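Beneath this line is the structure, given in structure tokens, with notes to follow.
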Amino acid sequence: MNPSASLLKGLDYSVVQQCMHCGLCLPTCPTYDATKLERHSPRGRIALMRAIADDRLEPTRTFAEEMYFCLGCLACMTACPAGVNYAELFEHARGEVERVGVLNNPQRRLIRGFTVKWLFMDLERLKLAGRALRLYQTLGLQALLRRSGVLRLLPRRLRELEALTPDIQPEFSAEMIAPVTPAVGPRRYRVALLIGCAQDLIFSDVNRDTAEVLARNGCEVITPPEQPCCGSLHAHNGELELARQLARESLRRIPPEQFDAIITNAGGCGSHLKHYRKLLADDPVWAGRASEWDRKCKDIHEWLAEIGLAAPAAPQPPLVVTYHESCHLSHGQKIVQQPRQLLRLIPNLKLVELTEATWCCGSAGIYNLIQPEMADALLARKLKYIRTTGATVVASGNPGCSLQLVNGAKQQGWALRVAHPVTLLAEAYRRGG
Ligand code: SF4
Ligand code: SF4
């Protein structure tokens, strides 16, 4: 692919011209809901993208800012009767923004260069950074710094970002999960478990619980200790070429032909992982393997529903849980009922439905870092509805959402527990023996 060619002009025109301007997606779009401006709606954004593809508009700074104001939550795709592939349009539009570089300045270049193009291209680097952060936290330096008042000297935005620093897990996935976890009882399937990037640092316990639940349901679980980032961060932030590199690396290290399924427990990653074929469509070496990968790549809830799930033994303590739907699990992958079925299988667990369960919580990848005002408003809205359920636990199937909810509850001084559905199931299995 020619890196200087326009991505929107190169996109299949049937995707570009699919929108019929009906406006049915507008009420489902959080940015349109907040501003009531057409340019902040899916229809308005698609019109801008089409104007560029048709050579009627240049990718200007205003266009670029619009593309980064969009959450990429894909609620518009669920609402659209015409089947507009907004996910593809969005990725290409952000790719166009990065190609022309209208948002670039030295600071942005430095941050993107360090994070998206370096740290997340090799997860050993990310783990090294995670270990350093863990040391900083376990030695009490973070707490000391926060207590000392020194942080008040930082600019407001940096103080806000510091407050979002996640707690790093005492152990990462490779230290907690054996490369091969045998099935409990007869082996029915052989699966690979993807440990993710941020997930591995912040929620490696969810990976451990996923391996355990899979094993208890007849799966031999292969967890390669060294895995690449899936590339979702890169694709959603306009770096499609880097996303391709990472997809090839995943296919090389986890050959799909060796497994019955490739399991992810992160909704945001899964939504990208299932489209490697499209990403590598022009690559004659990898396109075939990518098709097999797409067929076998499963979200954990989806896979467990497919193979049939053993119910934990009763009795279990009473638990009131509500379920927040990750955008990329519900809108991106259309996985809606399976997490609820899993939760309802746990004896004595009462599932209280959440108002606006599918409305974005504001995490949206790194959206909460680059669009804090909109992200905070969405988080406040989400927490308000969670409170009305009376639940003590909110279940979420995506690490970005979980982190956002943990931070939001912490800011409100609220002891709300945020847990992956699989963790709740693993705990119930352990209690049940
Ligand atoms: S992805 Fe979300 S924020 Fe973006 S246009 Fe669609 S509904 Fe609106
Ligand atoms: S994206 Fe779909 S729902 Fe929205 S205006 Fe276009 S056709 Fe209608």
Side-chain angles (χ1 to χ4, degrees), residues 8 11-54 59 62-97 103 232-233 235-238 240 267-272 275 324-334 336 356-382 398 400-401 404:
L8 283 169
L11 185 57
D12 181 348
Y13 200 68
S14 67
V15 177
V16 178
Q17 55 86 58
Q18 217 170 2
C19 175
M20 56 187 188
H21 321 296
C22 66
L24 286 174
C25 54
L26 268 59
T28 68
C29 172
T31 54
Y32 178 75
D33 181 73
T35 66
K36 298 291 184 286
L37 292 175
E38 177 71 13
R39 59 177 273 210
H40 294 157
S41 77
R43 186 174 60 186
R45 290 181 176 124
I46 293 167
L48 292 173
M49 295 175 202
R50 185 170 179 175
I52 290 178
D54 288 346
T62 309
F63 171 78
E65 285 170 353
E66 192 51 60
M67 294 309 121
Y68 276 94
F69 188 49
C70 171
L71 292 144
C73 69
L74 310 183
C76 46
M77 272 179 70
T78 300
C80 179
V84 168
N85 189 343
Y86 188 84
E88 202 169 357
L89 284 163
F90 171 73
E91 285 183 358
H92 283 74
R94 283 203 173 172
E96 187 77 10
V97 170
L103 290 178
S232 143
L233 172 77
H236 295 162
N237 285 282
L240 285 168
C269 302
S271 181
H272 173 75
H275 300 287
H324 157 69
E325 301 200 34
S326 136
C327 298
H328 282 248
L329 200 53
S330 60
H331 303 305
Q333 299 182 61
K334 310 296 178 216
V336 174
E356 292 189 354
T358 59
W359 198 259
C360 181
C361 66
S363 164
I366 55 168
Y367 191 88
N368 55 348
L369 304 180
I370 58 176
Q371 300 281 356
E373 280 176 26
M374 183 69 196
D376 285 354
L378 289 170
L379 176 59
R381 181 170 175 153
K382 180 63 67 180
N398 184 47
C401 306
Q404 174 85 336

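Atoms within a ligand are numbered from 1 in the order they appear, just like the ligands themselves. These numbers come from a predicted model, not from an experiment.
With contacts defined as side-chain heavy-atom distances shorter than 4.5 Å, the pair Leu378/Leu71 qualifies. Contact check for Glu38 versus Leu26: side-chain heavy atoms found under the 4.5 Å cut-off. Asp33 has its side chain within reach of Arg381: a pair of non-hydrogen atoms, C-beta onward, lies under 4.5 Å apart. Within the 4.5 Å cutoff, the side chain of Cys70 has heavy atoms near those of the Tyr86 side chain. Put simply, the side chain of Glu65 reaches to within 4.5 Å of the side chain of Leu103, judged on heavy atoms. When side chains are defined from C-beta on, Arg94 does not count as touching Leu240, because their heavy atoms never get closer than 4.5 Å.
Below 30°, between 30° and 60°, or above 60°: for His236 and His272 the angle between ring planes is above 60°, a perpendicular geometry.
If you number the atoms of ligand 1 from 1 as listed, the ones under 4.0 Å from a heavy atom of Gly72 come out as 1 (S), 4 (Fe). In the vicinity of Gly23, heavy-atom distances shorter than 4.0 Å reach the ligand 2 atoms 5 (S), 8 (Fe). If you number the atoms of ligand 2 from 1 as listed, the ones under 4.0 Å from a heavy atom of Cys80 come out as 1 (S), 2 (Fe), 3 (S), 7 (S). Those atoms of ligand 2 with a heavy atom of Met20 less than 4.0 angstrom away are 6 (Fe), 7 (S). Interface atoms of ligand 2 facing Cys25, defined by a heavy-atom separation under 4.0 Å, are 1 (S), 3 (S), 4 (Fe), 5 (S). Taking a cut-off of under 4.0 Å to the non-hydrogen atoms of Pro81, the atoms of ligand 2 that pass are 3 (S). Taking every non-hydrogen atom of Arg45 and a distance limit under 4.0 Å, the qualifying atoms of ligand 1 come out as 3 (S), 4 (Fe), 5 (S), 8 (Fe). The contact set between ligand 1 and Leu71, taken as ligand atoms under 4.0 Å from a residue heavy atom, comprises 3 (S), 4 (Fe). Ligand-side atoms of ligand 2 in range of Ile46: 1 (S), range being under 4.0 angstrom from any heavy atom.
Distances from atom 6 (Fe) of ligand 1 show that Cys76 has an N/O/S atom below 2.8 Å.
Residues Ser326 and Gly267 share a closest heavy-atom pair of OG-CA, 4.0 Å.
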Walk me through it: do Gln333 and Ser330 pass the test side-chain contact (heavy atoms from CB on, under 4.5 Å)? CA-CA 6 Å; Gln333 299 182 61; Ser330 60; over 6 Å; no
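When only modelled atom types and interatomic distance are considered, Arg39 and Thr62 share no side-chain donor-acceptor pair under 3.5 Å.
Counting protein heavy atoms only, atom 2 (Fe) of ligand 1 is closest to Cys73 SG, 2.3 Å. Atom 4 (Fe) of ligand 1 has its closest protein heavy atom at Cys70 SG, 2.3 Å. Protein heavy atom at the shortest distance from atom 6 (Fe) of ligand 2 is Cys19 SG, 2.3 Å. Among protein heavy atoms, the minimum distance from atom 8 (Fe) of ligand 1 is reached at Cys29 SG, 2.4 Å.
Side-chain N or O atoms of Asn368 include none that pairs as donor or acceptor with a backbone N or O of Ala375 at under 3.5 Å.
Contacts of His21 with ligand 2, taken as heavy-atom pairs under 4.0 Å, involve the backbone alone. Looking at Cys22 against ligand 2, both its backbone and its side chain come within 4.0 Å, counting heavy atoms. The residue Met77 has no part lying near ligand 1, judged by heavy-atom distances below 4.0 Å. With a heavy-atom cut-off of 4.0 Å, Tyr86 touches ligand 1 through its side chain alone.
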